[in-house]
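Taking it in order: structure first as structure tokens, then the write-up.
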Amino acid sequence: MNAHTTPTTVPATVSAPRLAHSLSRILATATRVLRQLRHDPRSIALMLLVPCLMLFLLRYVFDGSPQTFDAIGASLLGIFPLITMFLITSIATLRERTSGTLERLLAMPLGKADLIAGYALAFGLLAVVQSALATGLAVWFLGLDVVGSAWLLLLVALLDALLGTALGLFVSAFAASEFQAVQFMPAVIFPQLLLCGLFTARDNMQPVLEGISNVLPMSYAVDGMNEVLRHTDVTADFLRDVLVVSACALLVLSLGAATLRRRTA
């Protein structure tokens, strides 16, 4: 009996310490990244203030037509955090590579998944602050007319910022310089911006472009914002949009961990 029961208890006792070690490594990585960002006020200002500034300018660009701001403001509330987090995350992560920090970390007994999760946690915390500031400004100061809950708007904005973080972590693996990291923006972000339904309804597009749009995560980010804008209750389409954006962020983070590698032998 003992020979049969012992193997069932060992994995449980082994997995708990491993999980604790993994969490401690993730938290240590996140703390280090946040400590470094604290000494880079320009990057923090770009992350936290630029989306707010863009929404502020947009509101008064359409000062004579507030309904236009209501029509596109919610969409841009999701797009601006995604773009800024993409830029900051890709550049900041690339600095870690070029400075040799990632080389030293990868030489340690630190799992790739733990490392990526630590970076995602650090930038994700900043994304929470960024999304809260932008949503609060749009709804309570700029008067964005939202039929649904402002908390749901904040949720989608946060998921969009996390998606931008994941994309930034992923593309940083393929850039050799900060300039190249910025060059990925036209390739990764601009096509999604054109096809997400911001400028015209996606079902009005040429069928091939509509099909491409239907598999791009930014399209669901915009759709989720519009669902909150137009409906008082949580709809099935809203749940679909949230799940798609979340799944895409997790998928891209997984790909980022898979492509993480040392640059030297």
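Keep in mind it's a predicted model, so treat the numbers as computed, not measured. Because only heavy atoms are used, hydrogens play no part in the values below, and waters and symmetry mates are left out as well, while side chains stay in.
How far OG1 of Thr200 is from CG of Leu194: 12.0 Å, rounded to the nearest 0.5 Å. Atom CD1 of Ile44 and atom CD of Gln130 lie 12.5 Å apart (nearest 0.5 Å). Here the straight-line distance linking atom CG of Leu77 with atom OG1 of Thr135 works out to 4.5 Å at 0.5 Å rounding. Note that the CD1 atom of Ile83 and the CE atom of Met185 stand 4.5 Å from one another [nearest 0.5 Å]. Here Thr165 contributes atom OG1 and Leu126 contributes atom CG; the two are 8.5 Å apart, rounded to the nearest 0.5 Å. In this structure, Met225 CE and Leu144 CG are separated by 9.5 Å, a value rounded to the nearest 0.5 Å.
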Subject >> Worked verdict on Asp237 versus Asp223 for side-chain contact (heavy atoms from CB on, under 4.5 Å) >> reply: CA-CA 8 Å; Asp237 287 340; Asp223 286 351; over 6 Å; no
**OP:** Mind running side-chain contact (heavy atoms from CB on, under 4.5 Å) on Val208 and Ile212 for me, showing each step along the way?
**Re:** CA-CA 6 Å; Val208 173; Ile212 296 174; 4.3 Å; yes
**OP:** Kindly indicate, with the supporting measurements, whether the criterion side-chain contact (heavy atoms from CB on, under 4.5 Å) is fulfilled by Leu195 and Arg202.
**Re:** CA-CA 7 Å; Leu195 299 175; Arg202 284 158 46 205; over 6 Å; no
**OP:** Verify side-chain contact (heavy atoms from CB on, under 4.5 Å) between Val147 and His231, making sure each step is shown before the conclusion.
**Re:** CA-CA 6 Å; Val147 175; His231 299 90; 5.8 Å; no
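Stacking of Arg230 on the aromatic ring of Phe238 is not recorded, the 6.0 Å distance cut-off and the 45° axial limit not both being met.
Cluster membership check: Ile79 shares its hydrophobic cluster with Phe184, using side-chain heavy-atom separations under 4.5 Å among Ile, Leu, Val, Met, Phe, Trp and Tyr. Cluster membership for Leu46 and Phe86, using ILVMFWY side-chain heavy atoms within less than 4.5 angstrom, is shared. By the rule that hydrophobic residues join a cluster once side-chain heavy atoms approach within less than 4.5 Å of another member, Phe199 and Phe190 end up as members of one cluster. Taking hydrophobic clusters as Ile, Leu, Val, Met, Phe, Trp and Tyr residues chained together by side-chain heavy-atom distances below 4.5 Å, Ile189 shares a cluster with Phe80. The hydrophobic cluster containing Leu155 also contains Leu125, counting ILVMFWY residues as joined when their side-chain heavy atoms lie under 4.5 angstrom apart, directly or transitively.
Between Arg59 and Asp63 there is a side-chain heavy-atom pair separated by less than 4.5 Å. In this structure, the side chains of Leu27 and Leu121 come closer than 4.5 Å at one or more pairs of heavy atoms. Residues Asp203 and Glu210 have side chains in contact (heavy-atom distance under 4.5 Å, counting atoms from C-beta outward). Looking at heavy atoms from C-beta onward, Val245 lies out of side-chain contact with Val156 at the 4.5 angstrom threshold. Side-chain contact between Thr235 and Leu239 is absent, with no heavy-atom pair separated by less than 4.5 Å. Looking at Cys248 and Val244, their side chains come closer than 4.5 Å, going by heavy atoms from C-beta outward.
If you run side chain to side chain contact (heavy atoms under 4.5 Å, CB included) between Leu58 and each of Thr68, Leu76, Leu142, only Leu76 comes through.
A donor-acceptor pair shorter than 3.5 Å cannot be found between the side chains of Gln192 and Ser219.
Counted within 6.0 Å of CE on Met54, heavy atoms from surrounding residues, nucleotides or ligands total 12 or fewer; the atom is thus considered open. The local environment of CH2 in Trp140 is crowded, with over 12 non-hydrogen atoms from other residues, nucleotides or ligands closer than 6.0 Å.
Residues satisfying the side chain to side chain contact (heavy atoms under 4.5 Å, CB included) criterion with Ser90, sequence neighbours excluded, are Val171, Ala181.
Residues Leu34 and Ala122 come closest through the heavy atom pair CD2-O, 3.6 Å. Nearest heavy atoms, Pro51 versus Thr84: CG-OG1, 3.7 Å. Smallest separation of non-hydrogen atoms from Ala127 and Leu162: CB-CD2, 4.3 Å. The minimum heavy-atom distance between Ala150 and Val139, with the atom names listed, is CB-CG1, 4.2 Å. The two residues Phe123 and Met85 come nearest to each other via the heavy atoms O-CE, 3.4 Å. The nearest pair of heavy atoms linking Ala138 to Leu55 is CB-CD1, 4.4 Å.
Under a 3.5 Å cut-off, the side chain of Tyr220 and the backbone N or O of Cys196 do not form any donor-acceptor pair. When atom types are taken as modelled, the side chain of Ser131 and the backbone of Val128 share no donor-acceptor pair closer than 3.5 angstrom.
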